[in-house]
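Here is the structure we will look at, set down as structure tokens.
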Amino acid sequence: MTLSYLVRRLGSIVVTMLLVSFVVFAITQILPGNAATMILGEFATAEAIENLSRQLGLDAPWYVQYLRWLGGVMSGDWGMSMTLSRPVLPEVLAALGRSGVLAGLSLAVVTAIAVPLGVWAAVRQGRPADMAIGGFSYLGISLPEFVTATLLLVFLVRPEIGIFPAGGYQPLAAGLGTFLIHLALPVTALAIVLTAHIVRQTRSEMVDVLQAEFVRTATLKGLPRRTVLFKHALRNALLPTVTVLALDVGYLIGGVLVVEDIFAYPGLGRLLMFAMQNRDLPMLQAGTLVMAAVYAMTNLASDLVYGVLDRRIQHA
Amino acid sequence: MTPALAIERLSVGYRVRGGTLQALRDVSLTIAPGEVVGLVGESGSGKSTLAYAAVRYLAANAAIGAGRVLLAGEDLLEATPQALRQIRGRRIGMVYQDPGTALNPSLRLGEQVAELLRTHLGLDARAAEARTAELLRMVALPDPQFIMRRYPHEVSGGEKQRVLIAMAFACDPDLLVLDEPTTALDATTAAGILDLIRALQQRTGVAVLYITHDLGIVAEIAQRLAVIYAGTIVEEGPTEAVLRRPRHFYTRMLLASLPNPARIAERRRLVSFPGLPPDLRAPPAGCVFADRCPAVEAACRTAPPVLAGDAQKSACRRADIVAASDLGVRPVAAANGGGGEALLRAEGITVEYRRIGILDRLRGRPGDRVSAVSDVDLVLARGETVGLVGESGCGKSTLARALSGLVAWQGRLVFDGRPIAAAAAMDRAYRRRVQLVFQNPDQSLNPRMRIGTILSRPLRLYHALSGKALAREIAAWLDRVRLPESYARRHPHELSGGEKQRVAIARAFAADPAVVLCDEITSGLDVSIQAAILNLLMDLQAARGTTLLLISHDLNMVQHFADRIAVMYLGKLVELRPAYGMARPPFHPYSEALLAAVPVAEPGLHARAVRLHGPLPSPKNPPAGCRFHSRCPRKLGAVCEAAPPPVRTAEDDHWIRCQIPLGELAAVPPIWQREPA
Amino acid sequence: MPDWLRRLLAHPSGSVGCLLLAVALVLAVAGPSLAPFDPETFHPRRRFEGPGLEFWLGTDQFGRDLLSRLLHGARSTILFGVIATAIGTSLGAAVGLASGYAGGLIDEAVMRIMDALLAIPSLLFSLLIVTVLGGSTVNAVAAVAVTIAPGMARIARSVTLSVKSRDFVAAAVARGESHAFTMFREVLPNVAAAVVVEASIRVAFATMVGATLSYLGLGAQPPASDWGLLIAEARPHMLRNAWLVIGPGLGIATITIGFNLFGDALRDALNPRVGR
């Protein structure tokens, strides 16, 4: 991987993020009813709204507003939440941390379960184990998170079971058990779809690689089956999976929105849902921008990992 | 003595849609210890199935119907998986067709050899590494330590194949199975690999099963050969005897479809095979070759012939008349030798690809510049055939694309007296008169169009035909390339490779062009089909007076058909000469190496070894001075690195671009020497 | 029967997928007329019943027949994904084909914009749009279509680029064919298969997003009985009658599994490399 590639990749991320910020700004600016109306309430006089608009700079042309907002974002002034009357940035970052715990744990669970299952299915291609795993993964990718989450609530959050709380978040300081038990259901709801997806991905890559000629070479060298599978095949099958895993982070973020809402988990997803319901513009802009940034960074990271791991890629 | 390998009455079938494909039927073959046996067949003949059956490695849908595969008397078909693992890699070594895909892309080359040594010989890491270095030295890789640390994509195809050969010999096996080990390589590289295999075989005395489609290679390496066709062995015997007096019509025709480079002066038309091999889902009851055989009788179709004979066995009922029968081979009319009126004159044609990275832009650097074609002068006279020869990456295809306006070029081009300033100035009139036929018809025919639509395009565009006249002309063109009229309604995937290429040729000629550029048009095809395609091309040319540029990596095939030969190396033309005097010095050292690398299917005829050093340099960074100096076996010294070589004119129509004076270039022994019979 | 259709039906998951889609088609066309009860009729004394002989899937908090509500909601739930995908795919494929065919700076610029759109996770993007436009089925369809388009554009573009590099396109250029002919007759038919396959898998995704939007109250509005909405309405009562969640949940899963199976099988059937 060359320096030139790194520079180009970083450059394209910057361009992408600028475009994203513009899209976010554009969408939020066509919200019906401007910010002044929202602050003063629907019964304020037209004159009062106009005054406040001028104060807030809402009478300026859209590009001036955009540049002003962008300048604020760059300098760390992300605005005040309209509903909470607090600066947006600390709220968003705190929520992001909690969402990060949820998403990171989910990814870890997914990777730990999905990759071995995918390999197993590929090795047993066409046999009962493969069929079972395939059936499960079809079911997994076909159930939206709100369904799995609701079903988890229906079946596991019952007074007679009494293990899992209906929602909420407890910090690690409250004890590891408490911390984990609060995460268990949201993580499960998020992990099912992703596990199914990664299983399918790993399996199909592995099936392809097992047909590659270098695997034939390894077999005909008389190497043990284990060596052929893990040293020769899996190593090459995992590379594309890394990329897919990163793409799935986008999926995960979408899932986080729903799952946090259902389990009342105080993360970025819930904050965003709250901002949407209350039309809290600065909060909405900040949250969306942060999510897009996380997604873009994950993709960059996966590209770099891919580049380091895959010797065949020569980034010129 | 127990044979190293004995395949006894083996039948293998593949379960496919529409039944079972009987890939091998009742095949027997033995290889004595230390013996080299060549197995010759075309694609689909079952030769690869046989090769992989010898290590019991068959596809999941394969079923072994009957037979035994005995390695030194032990039946591999009965062996346990564990026993099989101890045989593979240790007692049987394998080398594969495509070294590019046979090595694990994410493991270092050293590790790929060393793991074999650790597994089978129980060496520890250090000993395995030391032994790996020795093995790599044995296969003549100059810097083993360097190669061991490289990944496959970082070394050339020839180097990869040497690593695989090192692996095959690593555990001192009893048997080597070589599956077309030189087919994917350039001619000069292939010749080096063949030398290496021959030398190592002689040193170790290993028994070898050498799979190939090329009778020339067999003539050079095998003591005995077996010819396989449609899943059965049709002839088997000592190499020399079979090649001198074939006793099966398939062998005879295969030989007659190959040009002999040493006999270029006695040009004759190549034999082309009528029809197609049989459908192995329902193999014929009688002789598998009956449908294509010139001497077929009614009895041939009823009962299968038996492979019989003493030393030289043949599965032909009429084996005795094979060698003497007339295949209807006629001599070719004398070449016109060029010198006619110039139709297309290219001067100083240069094609550059530029790549500018973002860092280059920031620093104001020009970026990478690859000159794929550099300053090429070439004149095509009306009605002649010019062969353009060179190895992969030499720029020959790029030149064809430049001449048909697909890539931007610099230089001067005059077509039919009319100067053409640039690719953008090539209008429809020019495009109509200069047509291009591509290498791979799978790529060049739109898979979603019917053959009729494909052929209609030039007719509509250039001749404004439509309706009935169009349909009539499509049918006429199908007929001219000897395809049935009904093919107009088919899609390309319903045709065989050779048939598809005929469609592509028809499409080019239907434009009524003055020049047809043929870019490697037979390289993906079997030998028997190559001859048919090239014969067809010659007939069309004879009927229409078309000028042909035959671009190929296969000097042997091209020189047989061309009037003049242009040799290209790394973007530059290095030699231009009449084809009929091809075997006569002086040669450019590169042309000499290309000629000497052609395997000849004539027993007793040996080519002098002219071998190149090292790998092909990257076109991004061609050597200064003479571009060939880094690999030239006759390099003079600093002068070759310093200055571009001068053009030395030998005869009217023969020039060489080299620092070595013509007299010295001419003072070389002949390339081919005949053993006294 | 065309070759690919035969292969599709011979494919084990293809036949199951086709079967499920046939069921979905019947539901979408004839769902309401198959319903045993009026979906809005209250049966006040039969609230929260489990599956039984009269109410096959049980009743909700007002004693409405769950099966009838499901059958009435089928059409809009199924059509949602199909229509959103059709719109998003056509938009995206047109952009991708044009951009890939044009190449150069235009392509570069278009793809940067697509990247930016793709950088916003799709559910979030849909939510933003629906929040701005206001919750309704039409707006939700538009929102989902907009999020599908950039992904389809990228796929269509990358296929276009690979088709463009094949020699039959070079042959058309060397022949002097017009751009329109090259783009629509040579390139497009070879891009279409990949786009159709991708679209059939996206339908599953769009159905899921549509149901999610309804669930969040941003898609279909009561008294409609879209399946996502049914689950949202059942939430407060799910401990009284789990069937109110399971029924629509299984319905959504069936449709999406059908499209997923169908799309995967179609991919294999149209790809001659597999299955030969």
Side-chain angles (χ1 to χ4, degrees), chain B residues 14 16-18 21 59 61 397 400-407 423-424 426-450 453-462 491-494 500 503-504 507-508 510-511 513 516-517 519-521, chain C residues 1-12 14 97 101 103-105 108 111-112 156 159-197 268-276:
Chain B
Y14 293 102
V16 290
R17 237 164 2 109
L21 190 90
N61 63 340
S397 291
R401 282 171 182 256
L403 294 180
S404 44
L406 288 173
V407 294
M426 292 174 167
D427 53 8
R428 201 172 269 182
Y430 175 87
R431 291 173 186 281
R432 181 195 146 196
R433 304 286 285 156
V434 180
Q435 288 281 314
L436 177 59
V437 183
F438 294 86
Q439 170 171 0
N440 182 352
D442 286 324
Q443 287 262 331
S444 70
L445 303 182
N446 191 333
R448 309 237 165 238
M449 278 188 190
R450 291 179 198 279
T453 315
I454 290 170
L455 290 179
S456 76
R457 291 316 300 170
L459 299 170
R460 279 177 192 277
L461 266 183
Y462 307 127
H491 281 100
H493 71 89
E494 297 169 277
K500 277 181 270 201
V503 172
R507 174 172 67 181
V516 175
L517 313 168
D519 185 7
E520 296 264 19
I521 59 168
Chain C
M1 189 159 38
D3 204 31
W4 63 268
L5 189 60
R6 192 155 8 93
R7 262 182 293 176
L8 180 68
L9 292 175
H11 200 288
L97 178 68
Y101 186 80
L105 280 178
E108 184 87 4
M111 282 306 126
R112 276 287 147 274
V159 180
T160 303
L161 286 185
S162 89
V163 170
K164 212 173 87 172
S165 74
R166 309 234 331 242
D167 281 339
F168 62 81
V169 176
V173 174
R175 222 164 40 226
E177 297 276 12
S178 67
H179 282 303
F181 181 88
T182 312
M183 184 154 135
F184 292 113
R185 296 289 309 279
E186 301 275 4
V187 178
L188 181 61
N190 289 285
V191 174
V195 169
V196 168
V197 166
D268 289 353
L270 290 179
N271 181 357
R273 194 171 64 96
V274 183
R276 269 208 185 156

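Labels below follow one simple rule: chain letters A, B, ... track the order of the sequence lines, proteins then strands, and each chain is numbered from 1.
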* **For R175(C), salt bridge (Lys or Arg N to Asp or Glu O under 4.0 Å) partners two or more places apart** =>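 Only E177(C), E186(C) meet the salt bridge (Lys or Arg N to Asp or Glu O under 4.0 Å) criterion with R175(C).
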
* Asked: Under the salt bridge (Lys or Arg N to Asp or Glu O under 4.0 Å) test, which residues partner K500(B), sequence neighbours left out?
  ->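 Here the qualifying residues are D442(B).
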
* Partner of V163(C) by side chain to side chain contact (heavy atoms under 4.5 Å, CB included), out of V191(C), L188(C), L97(C) -> V191(C)

* Asked: Which answer fits A172(C), side chain, backbone, both or neither, if we ask what part of it has an atom under 4.5 Å from a heavy atom of chain B?
  -> neither

Using non-hydrogen atoms and a 4.5 Å limit, figure out which bit of [X] sits close to chain C: side chain, backbone, both or neither.
X: R507(B); answer: side chain
X: L436(B); answer: neither
X: Y430(B); answer: neither

* Asked: Roughly how far, to the nearest 0.5 Å, is CD of Q443(B) from OG of S165(C)?
  ->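 The distance works out to 7.0 Å.
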
* What residue, out of A511(B), A508(B), P447(B), has the most heavy-atom pairs lying under 4.5 Å from chain C? ->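 Most heavy-atom pairs under 4.5 Å with chain C: P447(B).
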
* Among M449(B), Q435(B), M426(B), single out the residue with the greatest number of heavy-atom pairs under 4.5 Å to chain C. => M449(B)

* Asked: Does any non-hydrogen side-chain atom of T453(B) lie less than 4.5 Å from one of R185(C)?
  -> yes

